[in-house]
Amino acid sequence: MTVWTNIAAWFGYAPAEPKRGRQYASTSGGTTAKPVTFDTAMTVSAVFACIRLLAETVSSLPLNMYKLDADGNRTIEKNHDLIKLLKHRPNRRQTRIEFFEQLMLNLVSSGNAYVLLGYMGKRLVSLQVLNSGSIEPELLANGDMIYHWTQLDGTRKKLTEAEVWHIRLFGNGLIGLSPLAQAKKSIGVGLAGDDKVTDLMSNGAKPTGTLLTENWPTREQRADLREELSGLMNGDQTEIAVLGGNMKWQAISLTPEDLELLATRRFTLEEICRFFGVPSVLVNDLSASTVWGSGIDSIISGFYKFVLRTYLEKLEISMIVNLLPRTEWDSYELEFEADAILRASLKDRIESTAKQVLSGFMTPNEARKSEGRQPKPNGDQLLVPSNMTTIDKILAVVPTRGKEEII
């Protein structure tokens, strides 16, 4: 028995193929209110919104490569084959944004993302995300990992570690925990709640019940009463029921209030957001409250620090150790520009850059570049507050009769 036999039953999968899904309810942890697969889970608005937010946010961040010198100083690298591949078109069908969206979709839903590496000789020329549900990793006795890939035509192919870039969330070290599999009970409740709302609305929000009579009606009378009242009990008809012979209508189904349907759906949204680490206010939950601060800037800052940053650093180090030869690990860094998320308002940016320029922290041209503006002549000198002169003139001093005189 391989290690995969055990870990497959533990963690769960994303869909095995398009339009199909493996039931998460078949994994450990008990039954669910509704069968949960990738496709059904994505019909729950909170699940879709959380995964979309994480995938689209990470994929939209600019990605840069830096070359490190002996002192650890960085200079931006634009000519390396890896950054050329990652920055524009990782494969023939996808742009960088589409590629990272698909990668994050697999990673966030199943806890694992698998990328097929295409080489021309020793040169990496293609990165293709594989459906995580079509991959079965296996740990060999010698410690190597192999990946069994079930292709769309049903054929299986064995891939080595050198052919696959595997990114995983926290787990047992071999594969990552699937957020969808762990959240399957909450998602099942969400699916059941959606179905209940659908049934209520399609039936005109009418409860089921029974008709109480003083005498026991005959079989024919009961059939006639059912036929007459069925249209009023089912569908969206709004005619007034007229009951004779001291007959009374007694509802026997729970009302939405009795079921606390709204509260259940509200709690389900919070539970799902908790599994994905997303503040519910960021998925348009207008009734949400947060302790991360009252403003959107505070919420986004906390979301970046405690959620997005873990994804970004996981991807950055994984790209270095999996897509570069070992001899280049210490020579390059890959980094997503998080400033695109944390960027302040124009007023705040002007105040911040003005202070940095006036304190000699950055040059005027560096400040202009940060705002996407063209440099100006003589704008590459650091300034200090003393009459807004340049630092080199301040430093150019000579002793004169025991005093210092500025030249």
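Sequence positions, counted from 1, serve as the residue numbers for this chain.
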If you measure from CD on Glu77 to OH on Tyr66, what distance do you get to the nearest 0.5 Å? 12.0 Å

So, the side chain of Asn172 versus the backbone of Ile175: is there a donor-acceptor pair under 3.5 Å, distance only? yes

Does any N or O in the side chain of Glu138 come within less than 3.5 Å of the main-chain N or O of Ile146, such that one atom is a donor and the other an acceptor? no

Donor-acceptor pair, side chain of Asp71 and main chain of Asn73, under 3.5 angstrom: no

Show your reasoning for whether side-chain contact (heavy atoms from CB on, under 4.5 Å) applies to Gln128 and Gln94. CA-CA 9 Å; Gln128 179 64 56; Gln94 293 178 308; 4.3 Å; yes

Between Val47 and Ala41, which heavy-atom pair has the shortest distance, and what is it? CB-O, 3.3 Å

Backbone N/O of Thr363 and side chain of Arg368: donor-acceptor pair under 3.5 Å: no

Could you tell me whether the side chain of Arg309 and the main chain of Tyr304 form a donor-acceptor pair under 3.5 Å? no

For Gly277 versus Pro279, what's the shortest heavy-atom pair and its separation? O-CD, 3.8 Å

Whether over 12 other heavy atoms sit under 6.0 Å from Asn378 CG: no

Pair Glu271 + Arg274: basic N to acidic O under 4.0 Å: yes

Compare all side-chain heavy atoms of Leu86 with those of Leu82 and state whether any distance is below 4.5 angstrom. yes

Looking at side-chain heavy atoms only, is the closest gap between Phe99 and Leu85 below 4.5 Å? no

Side chains of Leu174 and Pro137: does their closest heavy-atom pair fall under 4.5 Å? no

For a side-chain contact (heavy atoms from CB on, under 4.5 Å) check, start with the C-alpha distance between Val278 and Leu54, then their side-chain angles and the critical distance, and finish with the verdict. CA-CA 8 Å; Val278 174; Leu54 291 169; 4.2 Å; yes

Would you say the side-chain atoms of Asn112 pair up with the backbone N or O of Arg168, donor to acceptor, closer than 3.5 Å? no

How close do Val283 and Cys50 get, counting heavy atoms only, and between which atoms? CG1-N, 4.0 Å

Distance, nearest 0.5 Å, that separates OG of Ser178 from CG of Leu169: 8.5 Å

Spacing of Leu315 atom CG and Leu334 atom CG [to the nearest 0.5 Å]: 10.5 Å

Looking at Tyr119, I want to see if its OH is surrounded by more than 12 non-hydrogen atoms of other residues, nucleotides or ligands under 6.0 Å. yes

Intermediate values then yes/no, side-chain contact (heavy atoms from CB on, under 4.5 Å), Glu316 and Glu335: CA-CA 6 Å; Glu316 290 165 0; Glu335 185 178 277; 3.9 Å; yes

Please step through side chain to side chain donor-acceptor pair (under 3.5 Å) for the pair Glu163 and Thr160, ending with a clear verdict. CA-CA 5 Å; Glu163 298 175 289; Thr160 66; 3.3 Å; yes

Is there a side-chain contact between Asp330 and Leu68 (heavy atoms, below 4.5 Å)? no

Please indicate whether Arg123 has more than 12 foreign heavy atoms, meaning atoms of other residues, nucleotides or ligands, lying under 6.0 Å from its CZ. no

Spacing of Met362 atom CE and Gln356 atom CD [to the nearest 0.5 Å]: 4.0 Å

Are any side-chain N or O atoms of Glu98 and backbone N or O atoms of Thr95, one a donor and one an acceptor, separated by less than 3.5 Å? yes

With a 3.5 Å cut-off and no angle check, do the side chains of Lys78 and Asn64 form a donor-acceptor pair? no

Looking just at side-chain N and O atoms, do Asp39 and Thr37 make a donor-acceptor pair shorter than 3.5 Å? no

Applying the side-chain contact (heavy atoms from CB on, under 4.5 Å) criterion to Leu127, which one of Asn91, Leu116, Val115, Leu103 satisfies it? Val115

Pairwise distance CZ(Phe303) to OG1(Thr57) - rounded to 0.5 angstrom: 5.5 Å

Do Lys376 and Asn365 have side chains that get closer than 4.5 Å, going by heavy atoms? yes

Taking the side chain as everything from C-beta on, heavy atoms only, tell me whether Thr43 gets closer than 4.5 Å to Phe48. no

Nearest atoms (heavy-atom pairs only) where Leu191 meets Pro35: CD1-O, 3.7 Å

Do Ser318 and Asn322 meet the criterion of a side-chain donor-acceptor pair at a distance under 3.5 Å? yes

With a 3.5 Å distance limit and no angle check, can you tell me whether Lys87 reaches the backbone of Leu63 through a side-chain donor-acceptor pair? yes

Tell me if a side-chain donor or acceptor on Gln182 pairs with a main-chain N or O of Pro179 at a distance below 3.5 Å. no

Quick one, His148 and Lys158 - any side-chain contact, counting heavy atoms below 4.5 Å? yes

Once you round to the nearest 0.5 Å, how far does OH of Tyr332 lie from CG of Leu324? 8.0 Å

May I ask you to decide if Ser280's main-chain N or O and Glu270's side chain share a donor-acceptor pair within less than 3.5 Å? no

Test item: Leu323 and Leu117 side chains (from C-beta on) under 4.5 Å apart, heavy atoms: yes

Please report the C-alpha distance between Phe336 and Glu313 in whole Å, then the side-chain angles of each, then the deciding distance to 0.1 Å, and finally whether the side-chain contact (heavy atoms from CB on, under 4.5 Å) criterion is met. CA-CA 9 Å; Phe336 289 94; Glu313 294 204 0; over 6 Å; no

